[in-house]
Amino acid sequence: MPTKQVSLTVNGQKRTGQAEPRTLLSYFIREELGLTGTHIGCIVGRCGACSVVLNGKVVKSCMVFAQQAEGADLLTIEGLAEGPKLHPIQEAFWEHHGLQCGYCTPGMILTTLDLLNDNPDPTEEEIREGISGNLCMCTGYVNIVESVKAAADKMGRSRRKPSPSRRSRRSERPAS
Ligand code: FES
Ligand code: FES
């Protein structure tokens, strides 16, 4: 089948690759772009292992053709950390044992990112609903839910941190 060039922004960088009309985005990400953090499970949209953020919303990449991503903005798990510094959601999963084998984890973390962008302070019920499209065969979900709560807390704290300019103004105040 003839291939077509697909150009998109991946984790902030312009990337191109070749895709047949039938190539799924999940395979394109792994095989053309070499980003193997996006996992493949069911290939029918049920498990969520292949979840990525496409144009700001989480999608199951096995449900999207690669050619449909032309010109898109794609975030995969490889784009979440800033160099050696883990994203607060990654830290929370690490600290609260939100993973065992790790197969579901990239999709679970990107789904959490989407959930917390929409709802920064979710209830446990909202967390369970938010991650219900992502299956985990190992953890029983308890630690994943704890991790999402902790991530919400960390991200809320970082949003509440005073900006450097406010901090420096405060430190300039004379001691009373
Ligand atoms: Fe895409 Fe399972 S591999 S949802
Ligand atoms: Fe193994 Fe979720 S940690 S499938």
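The environment of E129 atom CD is sparse: at most 12 non-hydrogen atoms of other residues, nucleotides or ligands sit within 6.0 angstrom. Counting heavy-atom neighbours within 6.0 Å of Q13 CD, excluding the residue itself, gives a total of 12 or less. No more than 12 heavy-atom neighbours from other residues, nucleotides or ligands sit within 6.0 angstrom of CZ on R46. For M137, the CE atom sits in a loose shell: 12 or fewer heavy atoms of surrounding residues, nucleotides or ligands are nearer than 6.0 Å.
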Can you check side-chain contact (heavy atoms from CB on, under 4.5 Å) on I127 and K149, steps first, answer last?
CA-CA 8 Å; I127 292 171; K149 284 183 195 165; 3.6 Å; yes
Assess the residue pair K57 and D114 against the criterion (side-chain contact (heavy atoms from CB on, under 4.5 Å)); give the C-alpha distance rounded to whole Å, side-chain angles, the decisive distance to 0.1 Å, and a yes or no.
CA-CA 6 Å; K57 287 305 293 174; D114 190 49; 3.2 Å; yes
Test salt bridge (Lys or Arg N to Asp or Glu O under 4.0 Å) applied to E91 and K85, step by step:
CA-CA 9 Å; E91 282 179 357; K85 171 134 186 55; 3.1 Å; yes
Dump the intermediate steps for side-chain hydrogen bond (donor to acceptor under 3.5 Å, both in side chains) on T123 and E125, then the final yes or no.
CA-CA 5 Å; T123 63; E125 199 182 342; 5.2 Å; no
E95 vs K154, test: side-chain contact (heavy atoms from CB on, under 4.5 Å). Steps then yes/no.
CA-CA 12 Å; E95 290 163 3; K154 279 174 184 280; 3.1 Å; yes
Is there a side-chain contact (heavy atoms from CB on, under 4.5 Å) between I29 and L74 once you walk through the steps?
CA-CA 10 Å; I29 291 169; L74 176 70; 3.9 Å; yes
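When the side chains of ILVMFWY residues are joined at heavy-atom separations under 4.5 Å, either directly or via intervening members, V52 and L80 end up in two distinct hydrophobic clusters. Linking Ile, Leu, Val, Met, Phe, Trp and Tyr whenever their side-chain heavy atoms come within less than 4.5 Å leaves L33 and Y27 in two separate clusters. Note on F93 and L86: separate hydrophobic clusters, where clusters join Ile, Leu, Val, Met, Phe, Trp and Tyr whose side-chain heavy atoms are under 4.5 Å apart, directly or indirectly. Grouping the Ile, Leu, Val, Met, Phe, Trp and Tyr side chains by contacts below 4.5 angstrom, directly or via other members, places V59 apart from L116. Linking ILVMFWY side-chain heavy atoms closer than 4.5 Å, directly or via other members, places I43 and L35 in two distinct hydrophobic clusters.
Distance check, rounded to the nearest 0.5 Å: CD of E126 to CG of N119 gives 4.5 Å. For the atom pair CE (M63) and SG (C50), the distance works out to 7.5 Å, reported to the nearest 0.5 Å.
For the pair H96 and S147, the tightest heavy-atom approach, listed with the atom from each and the gap, is CB-OG, 3.5 Å. Contact between F65 and P21 at its shortest, heavy atoms only, is CD2-O, 3.4 Å. In plain terms, the two heavy atoms of I144 and T139 that are nearest each other are CD1-OG1, 3.3 Å. Here the shortest heavy-atom pairing between P88 and M155 reads CB-CG, 3.9 Å. Annotation for L135 and Y141: closest pair CA-OH, 3.4 Å, computed over non-hydrogen atoms. C62 and V44 make their closest contact through SG-N, 3.9 Å (heavy atoms, listed as atom of the first residue, atom of the second, distance).
Within the 4.5 Å cutoff, the side chain of N11 has heavy atoms near those of the T76 side chain.
Between the R30 side chain and the T36 main chain, a donor and an acceptor come within less than 3.5 Å of each other. No donor-acceptor pair closer than 3.5 Å links the side chain of N55 to the backbone N or O of A72. Panel note: side chain Q5, backbone Q18; no donor-acceptor pair is recorded below 3.5 Å. Using modelled atom types, no side-chain atom of Q67 and backbone atom of V6 make a donor-acceptor pair closer than 3.5 Å.
Donor-acceptor pairing under 3.5 Å is lacking for the side chains of S51 and K60.
Each of T38, V53, L24, L54 was compared with S61 under the side-chain contact (heavy atoms from CB on, under 4.5 Å) criterion, and only T38 meets it.
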Donor-acceptor list for residues 102-113 side chains, cut-off 3.5 Å, not counting sequence neighbours:
| unit_1 | atom_1 | unit_2 | atom_2 | d |
| --- | --- | --- | --- | --- |
| Y103 | OH | I40 | N | 3.3 |
| Y103 | OH | I40 | O | 2.5 |
| T105 | OG1 | G102 | O | 3.3 |
| T111 | OG1 | G107 | O | 2.8 |
| T111 | OG1 | N134 | OD1 | 3.2 |
| T111 | OG1 | N134 | ND2 | 3.2 |
| T112 | OG1 | M108 | O | 2.8 |

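Partners of D153 by salt bridge (charged side-chain N to carboxylate O under 4.0 Å, His left out), not counting sequence neighbours, listed by chain and number: R157. Here E20 pairs with R22 under the salt bridge (charged side-chain N to carboxylate O under 4.0 Å, His left out) rule; sequence neighbours left out.
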